[in-house]
Amino acid sequence: MSALYVSVSLSIPVYKEFTYSIPSDGTGPVFPGTIVEVDFHSTIHLGCVSGYAPAEDKSYDIRPLRSVLPLPPLRPWQLQLADRVAWETFATIGEARDLFIPSYRPSWVPWDGQKVTFLENNPDNRCPMQNFLREAGIEHSEEGINLFLFREICHLRKKDLTRLVQAGSLQVNRERWEKPAERTEKQEAQIFWGEIRSFSQSIPMIRELLEPVIRKREKALIVLPGISAVDRFSDLVSPLFPGIRFLRYDGRLSSKERYFRYRLVEGGHYDVLVGTRLALFLPAENVDLHLLFDPEELGHFSDRNPRYDSLHVLFSRVQITGGRMIILGVTPNLWINEKIQRGIIHELSMKSVLPRQTKKMEQVTYEQKKSSLTLVAQKAIGDNLARHGRTIIWTQKTGYSSALGCADCGYYYTCPQCDVALRYHRSERILTCPRCGMTRVPDDTCPRCHGAWMRAWGEGVERVFQSVRRIFPGVLVKSMEADDVLSRENVWTDHCMILVGTSAVLKEEILEKASLLVVNSFEEWLMIPDFRLREHLYQDLHTAWSYLGEKSEIPSRFIVQCRESYQQYLGDFFKPPAAWYGAELKKRQTLHYPPFTILLQLIGKGRNSEVRKNVLMSIRERLTSQDIPVEGPFPGTGLRKKGVFSDELMVRFSPLHEERVYTILTGIIESRIRDGVSLAFEVQQ
DNA sequence: AGCACGCCGACT
DNA sequence: GTCGGCGTGCTC
């Protein structure tokens with residue numbers, strides 16, 4: 001029965017597992033999911049056991065496991081979920097499993113891995129500790145509680161513990177993990193979409209959702225897009241449920257505190273788990289309600305290693321574990337809508353759902369733009385100012401204008417690497433490439449015809465900002481470009497009345513206090529060559545529409561400035577989600593775009609372009625021979641290029657073939673670093 | 001990813 | 001003479 005060898009996954013960018021032997025001196029039971037410490041290339045790594053391995057391959061010396069850690073082993077649902085995360089993100093299995101493994105300090109080992117139970121005979125010593133436990137919301141049970149947890153809660157020192165054990169008040173036993181039994185019955189997953197208008201207004205809805213869960217003494221997991229949302233949630237929701245154990249989990253916790261809460265979750269000592277995307281990987285079993293807020297927020301997307309996002313992970317998770325999942329947001333995205341249309345996601349019906357809004361969109365069209373703001377918009381801003389209302393002007397581009405060109409010959413600056421027009425920033429008098437970030441100083445005269453007059457084309461935030469200041473002298477106008485966390489909270493302080501900005505201004509905190517939104521040049525959005533653009537624009541418009549004026553006394557207005565010839569497209573964007581997405585999905589289907597096809601960009605980075613192309617071409621050849629269609633590489637087409645030292649392939653496949661493509665592709669590349677070329681994946685689904 | 005091994009330039 | 005730069009390759 002006792003196998004000698006196990007294969008272990010490690011969190012390294014190599015698509016392979018490594019074989020280790022089980023030491024003969026009995027380390028404790030080892031089975032799939034067990035967390036082990038291994039020697040690897042002269043360093044120590046944490047790994048996760050995948051299973052027993054045959055030992056016939058002796059082409060290298062197999063090293064023994066260094067130790068079996070006293071961590072709870074990953075459960076089958078976690079291993080399964082890790083696989084799906086890996087398939088979706090093209091990370092290695094080890095990297096995906098690493099999300100579930102807490103960072104662990106060897107100094108915890110002497111305390112960990114043991115269980116404490118009270119003995120009957122010495123009641124005196126029990127009282128203070130039982131008070132501590134009661135305060136922490138832990139009931140004493142027959143099985144005992146983890147010693148690491150116990151020590152942290154009761155502030156025990158080693159000396160005190162030995163004394164208590166010797167006095168016979170406590171009993172300490174080894175924590176034993178058993179190989180989990182195969183699950184037979186599978187619980188059904190139910191997934192819902194619910195529309196909210198703003199976070200603070202969704203509180204009655206959250207209350208209605210949580211109440212029955214808490215009454216049934218079931219557990220809830222709430223995933224929010226960032227730490228500020230976690231704090232807001234805690235402030236507003238936990239007072240509604242006194243006596244209920246809310247457990248916060250996010251990146252601000254120290255590693256010890258994280259492990260402490262990991263153990264609390266593992267022992268089931270909580271009612272409502274509230275956290276950022278990191279909380280998705282905690283060992284929370286038997287969760288009845290999974291709640292996810294604002295799926296489009298950036299905080300849900302991981303920017304490194306397994307580049308997962310909360311929505312997909314939670315979706316996969318409930319399909320494995322079962323339970324209810326509720327997605328709450330302002331506007332459903334295309335992915336959610338497609339699932340609604342297929343009946344996989346249902347629309348939430350509740351008592352506390354808010355009635356649809358009655359805001360109206362006003363169109364202003366023009367043939368040729370003479371000024372940034374049309375007369376209608378100018379008048380609206382003036383009226384709004386008169387009523388002490390705040391105005392937001394939403395512009396598509398950063399910088400002063402989209403391009404700097406010659407009025408005589410029409411020459412304009414482009415990026416030599418990326419083939420796109422450089423953006424002109426007038427205050428700094430520099431040109432930047434919006435794609436690769438390259439900067440240069442413009443010439444005094446046109447480089448082609450030496451004409452003296454350069455003209456700025458299109459409108460960026462900076463240009464709109466200046467013309468607004470000219471039109472409304474004496475009014476404080478601010479501009480905002482990137483996601484500036486500092487200014488986000490206090491944008492409206494110091495009597496600022498007009499804000500000009502890119503999509504960075506479309507935040508709940510900013511929009512709710514304004515009463516007029518002017519969308520600058522609607523047609524400029526339609527020029528961007530990105531298949532997801534229409535979806536993003538639709539979402540941005542509706543999110544803005546929803547937040548606008550929610551905390552303003554004055555009735556709000558929403559004005560879209562649009563060139564007359566593009567007006568026909570405008571109306572579509574103000575249709576309700578079901579109608580708009582229906583048409584958009586048809587388009588996507590005929591063009592073989594997500595969600596009907598998964599698009600995988602395989603990006604090769606390396607200094608040597610010869611080697612880089614060879615690596616990509618050989619991958620392409622081998623994929624094609626397995627009937628997986630590949631496009632590219634794109635050496636010259638500036639549009640797809642990411643930088644000077646990279647090329648890429650585009651792979652398209654059906655969502656049904658996710659696992660197959662993962663297996664084949666990772667089998668081909670083996671490691672994400674080959675011959676000095678590093679490979680990266682970007683998945684759009 | 002780390003880390004070793006290895007091959008070239010600037011120093012006690 | 002050596003120390004250390006990082007380019008290349010491998011990890012059970």
Side-chain angles (χ1 to χ4, degrees), chain A residues 2-25 27 30-69 74 79 82 85-86 89-106 251 255 278 281 302-308 602-616 618-619 643-647 662 665-682:
Chain A
S2 69
L4 285 174
Y5 301 97
V6 280
S7 72
V8 175
S9 65
L10 298 171
S11 179
I12 54 172
V14 176
Y15 294 92
K16 226 164 60 158
E17 298 201 332
F18 296 88
T19 308
Y20 287 86
S21 61
I22 299 173
S24 44
D25 52 8
T27 44
V30 175
F31 47 82
T34 304
I35 315 283
V36 291
E37 222 180 7
V38 296
D39 290 306
F40 180 77
H41 202 304
S42 78
T43 46
I44 301 171
H45 276 245
L46 287 196
C48 177
V49 172
S50 285
Y52 303 122
E56 61 253 26
D57 185 359
K58 282 264 172 71
S59 58
Y60 46 79
D61 289 334
I62 295 175
R63 294 211 237 173
L65 296 174
R66 174 167 267 267
S67 69
V68 174
L69 286 175
L74 298 191
L79 295 173
V85 169
T89 63
F90 283 85
T92 64
I93 302 290
E95 286 169 322
R97 285 180 183 171
D98 198 47
L99 296 167
F100 295 88
I101 303 173
S103 68
Y104 197 75
R105 298 285 138 89
S255 62
L278 299 178
F281 305 102
S302 170
D303 49 359
R304 35 167 206 267
N305 259 312
R307 305 235 279 162
Y308 66 91
L602 179 54
I603 303 151
K605 292 178 192 152
R607 306 223 132 231
N608 188 332
S609 70
E610 199 65 31
V611 179
R612 198 170 67 217
K613 272 167 201 154
N614 282 343
V615 168
L616 286 181
S618 73
I619 294 171
V644 196
F645 296 114
S646 75
D647 290 300
Y662 178 84
L665 184 51
T666 57
I668 294 170
I669 68 173
E670 286 174 345
S671 168
R672 255 184 274 136
I673 298 160
R674 304 174 73 210
D675 308 327
V677 179
S678 75
L679 299 164
F681 299 95
E682 246 169 67

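Proteins come first, then strands; the chains are lettered A, B, ... in the order of their sequence lines, and each starts at number 1. The structure presented is a predicted model; accordingly, all values stated were derived computationally and were not measured.
- Using a 4.0 Å heavy-atom criterion, one finds that A:F40 contacts the bases of the nucleic acid, with or without backbone contacts as well.
- Base engagement by A:V14 is indicated by at least one non-hydrogen atom pair under 4.0 Å involving a base atom.
- Rounded to whole Å, atom P of C:dT11 lies 18 Å from atom CZ of A:R672.
- Protein atom CD of A:E37 is 15 Å distant from nucleotide atom P of C:dC12, rounded to whole Å.
- Straight-line distance from the NE2 atom of A:H45 to the C1' atom of C:dC10: 12 Å, rounded to whole Å.
- When rounded to the nearest whole Å, the span between CD1 of A:I44 and P of B:dG2 equals 14 Å.
- A:E670 is not listed as a side-chain neighbour of A:V14, based on a closest heavy-atom distance of 4.5 Å or more.
- Using bins of under 30°, 30° to 60° and over 60° for the plane-to-plane angle, the ring pair A:F90/A:Y662 lands in the tilted bin.
- A:H41 has its NE2 atom 5 Å from the C1' atom of B:dC3, to the nearest Å.
- Panel note: side chain A:S302, backbone A:R304; a donor-acceptor pair is recorded below 3.5 Å.
- The residue A:I673 sits close to a base: some heavy atom pair falls under 4.0 Å.
- Distance from the side chain of A:I12 is smallest for B:dA1 among the nucleotides B:dC3, C:dC12, B:dA1.
- As rounded to whole Å, 13 Å separates atom P of C:dC12 from atom CZ of A:R66.
- As rounded to whole Å, 7 Å separates atom P of B:dA1 from atom CG of A:N305.
- Remark: P of C:dC12 and CG of A:L65 are 13 Å apart, rounded to the nearest angstrom.
- Residue contacts for A:S42: at a heavy-atom cut-off of 4.0 Å it reaches the sugar-phosphate backbone alone, with no base atom in range.
- Residues A:S50 and A:R97 have side chains that bring a donor and an acceptor to within less than 3.5 angstrom of each other.
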